[in-house]
Amino acid sequence: MPLWAIFALLLSAMSPAMAQSRVRVPAVTGCWEASRPLGPTGGALAVPRDAPYTTIVLRDSGRVVLPRLGARERASWGARSYWQLRGDSVELTVFTGLQGWNARLAVRDLPRSMAGHATYLTDAVVANMAPMRAAVTLARTSCEPEWSALPITTRLPRSWERGEPMYFESQVERPAALAAGARLPNGVLSMRPLGRDEMSNAVPERPEVVVVQFVVLSNGRADTTALKVLYAQRERVLAAVQDELASLLSTVRFAPAMVGGQAVHQLAAWRIERVLRH
């Protein structure tokens, strides 16, 4: 067979794939209705306050808008939500930084629908339980005219929010820990991961024990942009300590969590005992 004929055959075989690649991004953008709420509760059954979390608008450049939320909630969710093409599927994250969902959706039925599974991302600390996973389908729906004018609040996500997965402790081979020889910050008596047999709201034996949640990055640093105080015995501590703890954790070196011999990002809950202040 002549070379030109072989080249023509290869080109004709590639054309459908190239055409599919060209139409995928436009086919993904638009308005969608989810078969289950992708909101904060994570419940298997829809509740009235979850209803607005079934309507999702996917815009260019990976932006996500939840048009049926109020302005403040919409901005909070939109800031950390995104979508992106990953091989033969779309990864959709609807997330506040503490609560939400990460879905992997097949694109074979585009432009009508996308179907797959979603994992619940939560700030709840539940011992010995893997994150909840549920089937979800997004079906194409009509866009309301006013939705096109809604502001976009999506910011460029950090590495543990986009492209590089973040793991729960139950998913890693070696959880994050203090680095060997790491020095505790001034005023900290001890700090350690919350034990699997402990509850985040357990009453501590000292009033200056707090439980905080943050991300330990693969480089051994703490990312406290989504830091949350899960427990503090005194209301004064709970209200005043969050910024202080974020600053404190930024000085600590950690040994990152490991999966398959590689350092990964891990969502962690730590118990920190500080010097009692009067």
Heavy-atom distance under 4.5 Å between the side chains of [X] and [Y], does that happen here?
{"X": "Tyr120", "Y": "Arg133", "answer": "no"}
{"X": "Leu194", "Y": "Gln213", "answer": "no"}
{"X": "Asn102", "Y": "Glu91", "answer": "yes"}
{"X": "Val212", "Y": "Leu230", "answer": "no"}
{"X": "Arg74", "Y": "Pro151", "answer": "yes"}

(message) Go through it in stages, so that I can follow the logic: the residues are Trp147 and Val65, the test is side chain to side chain contact (heavy atoms under 4.5 Å, CB included), and I'd like the CA-CA distance, side-chain angles, deciding distance and then a yes or no.
(response) CA-CA 9 Å; Trp147 292 352; Val65 178; over 6 Å; no
(message) So that I know where these two stand, are Tyr53 and Trp77 an aromatic pair - ring centroids less than 6.0 Å apart?
(response)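 Yes: the rings meet the under 6.0 Å criterion.
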(request) Give the C-alpha distance, both sets of side-chain angles, the deciding distance and a yes or no for side chain to side chain contact (heavy atoms under 4.5 Å, CB included) between Leu92 and Leu38. (result) CA-CA 10 Å; Leu92 169 64; Leu38 298 179; 4.3 Å; yes
So which heavy atom on [X] is nearest to which on [Y], and how close?
{"X": "Arg174", "Y": "Ala255", "answer": "NH2-CB, 3.9 Å"}
{"X": "Leu138", "Y": "Val136", "answer": "CD1-CG2, 4.1 Å"}
{"X": "Ala27", "Y": "Trp32", "answer": "O-CZ2, 3.6 Å"}
{"X": "His265", "Y": "Ser218", "answer": "ND1-N, 2.9 Å"}
{"X": "Trp83", "Y": "Arg59", "answer": "NE1-O, 2.8 Å"}
{"X": "Asp223", "Y": "Phe214", "answer": "O-CB, 3.9 Å"}

For [X], all residues meeting side-chain hydrogen bond (donor to acceptor under 3.5 Å, both in side chains), sequence neighbours excluded:
{"X": "Thr55", "value": "Glu33, Arg68"}
{"X": "Ser142", "value": "none"}
{"X": "Arg183", "value": "none"}

(message) Are there over 12 heavy-atom neighbours, none belonging to Glu146, within less than 6.0 Å of that residue's CD?
(response)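 Above 12, so yes.
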Nearest 0.5 Å, please: how far is [atom2] in [Y] from [atom1] in [X]?
{"X": "Arg253", "Y": "Leu178", "atom1": "CZ", "atom2": "CG", "answer": "11.5 Å"}
{"X": "Ser76", "Y": "Gln99", "atom1": "OG", "atom2": "CD", "answer": "9.5 Å"}
{"X": "Leu121", "Y": "Met166", "atom1": "CG", "atom2": "CE", "answer": "6.0 Å"}
{"X": "Ser81", "Y": "Leu66", "atom1": "OG", "atom2": "CG", "answer": "6.0 Å"}
{"X": "Arg192", "Y": "Arg271", "atom1": "CZ", "atom2": "CZ", "answer": "4.5 Å"}
{"X": "Thr137", "Y": "Arg36", "atom1": "OG1", "atom2": "CZ", "answer": "11.5 Å"}

(message) Is there a side chain to side chain contact (heavy atoms under 4.5 Å, CB included) between Val64 and Thr93? Walk through the geometry before answering.
(response) CA-CA 9 Å; Val64 175; Thr93 297; over 6 Å; no
(request) Report whether Val216 and Val229 are members of the same hydrophobic cluster (ILVMFWY, side-chain heavy atoms less than 4.5 Å apart, transitive linking). (result)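 Yes, it is one cluster - the side chains of Val216 and Val229 are joined through contacts under 4.5 Å.
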(request) Would you kindly confirm whether Met258 and Leu217 end up in one hydrophobic cluster when ILVMFWY residues are joined by side chain heavy atoms under 4.5 Å apart? (result)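 No: no chain of side-chain contacts under 4.5 Å links Met258 to Leu217.
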(message) Tell me whether Gln266 contacts the main-chain N or O of Ala257 through its side chain, where contact means a donor paired with an acceptor under 3.5 Å.
(response)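 A pair under 3.5 Å: no.
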(request) Report the relative orientation of the aromatic rings in Phe254 and Trp270; use parallel for angles under 30°, tilted for 30 to 60°, perpendicular for over 60°. (result)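 Phe254 vs Trp270 ring planes: perpendicular.
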(request) Could you give me the CA-CA distance, side-chain angles and deciding distance for Val264 and Gln171, then say whether side chain to side chain contact (heavy atoms under 4.5 Å, CB included) is met? (result) CA-CA 11 Å; Val264 297; Gln171 297 174 306; over 6 Å; no
